[in-house]
Amino acid sequence: MHGWVRVESFTEPALNILDYAPWHVHRRSGVQSFVAVQGRWHGPGLIVQLGTEDGGLVTDRDVALSLVNADITVPRSELPELEPGEIYLADLVGLRVIGADGHEFGTVTRVLDNTVQAVMEIGDQGLLVPFVRGPIVSSADVDAGEVHLTWTAEDAL
């Protein structure tokens, strides 16, 4: 289908991404806004027909191809309110990561999704730590700017 794009959604459930508008699509050439007109499962993934905010449709294959590997963001105001103790994974970026022994591992530089769980990339050394509450992450406090691990510096080696 011309103009449809495959989308990797990190919402729970994945189809919830269709409920957000506008989508800000980040490409090398800049940021462009789109709306999800319709979407559905196709084979192993989600495909979406995009439209422009003025009601037009993306029907051009070349425009769709230009969106390959682009990142999608939505305005924070569109996200649902969090329950106490919940955190948006994007909010982990910039938090200091501290081990059970007080060792500072660095700051979270990005959060990856490996389909099983979120993984924090920490510091310049690129240490990868699964964001699993309980056995690995004892607490994450955005207001305090810290993630506390159950690991020590020795455990991370």
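Numbers here simply count residues along the sequence, with the first being 1.
- Hydrophobic clustering, with ILVMFWY side chains joined whenever heavy atoms are under 4.5 angstrom apart, groups V93 together with L95.
- Not one N or O on the side chain of E78 forms a donor-acceptor pair closer than 3.5 Å with the backbone of P75.
- Residues in residues 74-119 take part in these ring pair (Phe, Tyr, Trp, His ring centres under 6.0 Å) pairs, two or more places apart or across chains: H103-F105.
- The salt bridge (charged side-chain N to carboxylate O under 4.0 Å, His left out) pairs that include a residue from residues 115-143 are R110-E121, where partners are two or more places apart or lie in different chains.
- V35 and L18 fall into different hydrophobic clusters, where Ile, Leu, Val, Met, Phe, Trp and Tyr residues are linked whenever their side-chain heavy atoms come under 4.5 Å apart, directly or through other members.
- Side-chain contact between F10 and I17 is absent, with no heavy-atom pair separated by less than 4.5 Å.
- Taking a 4.5 Å side-chain heavy-atom cut-off between Ile, Leu, Val, Met, Phe, Trp and Tyr, the cluster of L128 extends to L112, V119.
- With hydrophobic clusters built from ILVMFWY side chains whose heavy atoms lie under 4.5 angstrom apart, V74 does not share a cluster with I87.
- If you chain together ILVMFWY residues whose side-chain heavy atoms come under 4.5 Å of each other, V68 ends up grouped with L65.
- S139 pairs by the side-chain hydrogen bond (donor to acceptor under 3.5 Å, both in side chains) definition with nothing, not counting sequence neighbours.
- Using a 4.5 Å heavy-atom cutoff, the side chains of Q38 and W4 are in contact.
- Taking each heavy atom of A118 and V111 in turn, the nearest pair found is CB-CG1, 3.9 Å.
- Considering only heavy atoms from C-beta on, I47 stays 4.5 Å or farther from V5 through its side chain.
- Minimum interatomic distance between R27 and S66 (heavy atoms only, all atoms of both residues): NH1-OG, 2.6 Å.
- V58 approaches A64 most closely through the heavy-atom pair CG1-N, 4.4 Å.
- Grouping the Ile, Leu, Val, Met, Phe, Trp and Tyr side chains by contacts below 4.5 angstrom, directly or via other members, places L82 apart from L92.
- Although no hydrogens or angles enter the test, the distance criterion places no donor-acceptor pair under 3.5 Å between the side chain of W151 and the main chain of I98.
- The side-chain hydrogen bond (donor to acceptor under 3.5 Å, both in side chains) test applied to T73 returns H26, not counting sequence neighbours.
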Pair I72, H24 - check side chain to side chain contact (heavy atoms under 4.5 Å, CB included), show working.
CA-CA 6 Å; I72 300 168; H24 300 294; over 6 Å; no
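- Take F131 and apply the ring pair (Phe, Tyr, Trp, His ring centres under 6.0 Å) test, not counting sequence neighbours, and it matches no residue.
- A continuous path of Ile, Leu, Val, Met, Phe, Trp and Tyr side chains, each step under 4.5 Å between heavy atoms, connects V142 with V97, placing both in one hydrophobic cluster.
- Among pairs with a residue in residues 10-19, those fulfilling side chain to side chain donor-acceptor pair (under 3.5 Å) read S9-T11, at least two apart in sequence or across chains.
- For the pair L79 and Y20, the minimum side-chain heavy-atom distance is below 4.5 Å.
- Looking at heavy atoms from C-beta onward, L57 lies in side-chain contact with V37 at the 4.5 angstrom threshold.
- R96 pairs by the salt bridge (Lys or Arg N to Asp or Glu O under 4.0 Å) definition with E104, E146, not counting sequence neighbours.
- With sequence neighbours left out, T52 forms a side-chain hydrogen bond (donor to acceptor under 3.5 Å, both in side chains) with D54.
- Considering all non-hydrogen atoms of both residues, G123 and T109 come closest at N-CG2, 3.9 Å.
- The salt bridge (Lys or Arg N to Asp or Glu O under 4.0 Å) test applied to D91 returns R76, not counting sequence neighbours.
- Under the rule for a side-chain hydrogen bond (donor to acceptor under 3.5 Å, both in side chains), T150 has no partner lying at least two apart in sequence or in another chain.
- At a threshold of 4.5 Å between non-hydrogen side-chain atoms, the residues V137 and H148 do not count as touching.
- Between V48 and L46 there is a side-chain heavy-atom pair separated by less than 4.5 Å.
- Looking at I122 and T107, their side chains never come closer than 4.5 Å, going by heavy atoms from C-beta outward.
- A distance of 8.5 Å separates CZ of R28 from CG of N69, quoted to the nearest 0.5 Å.
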Go through the steps to decide whether V129 and I136 satisfy the test side chain to side chain contact (heavy atoms under 4.5 Å, CB included), and finish with yes or no.
CA-CA 8 Å; V129 176; I136 299 171; 3.7 Å; yes
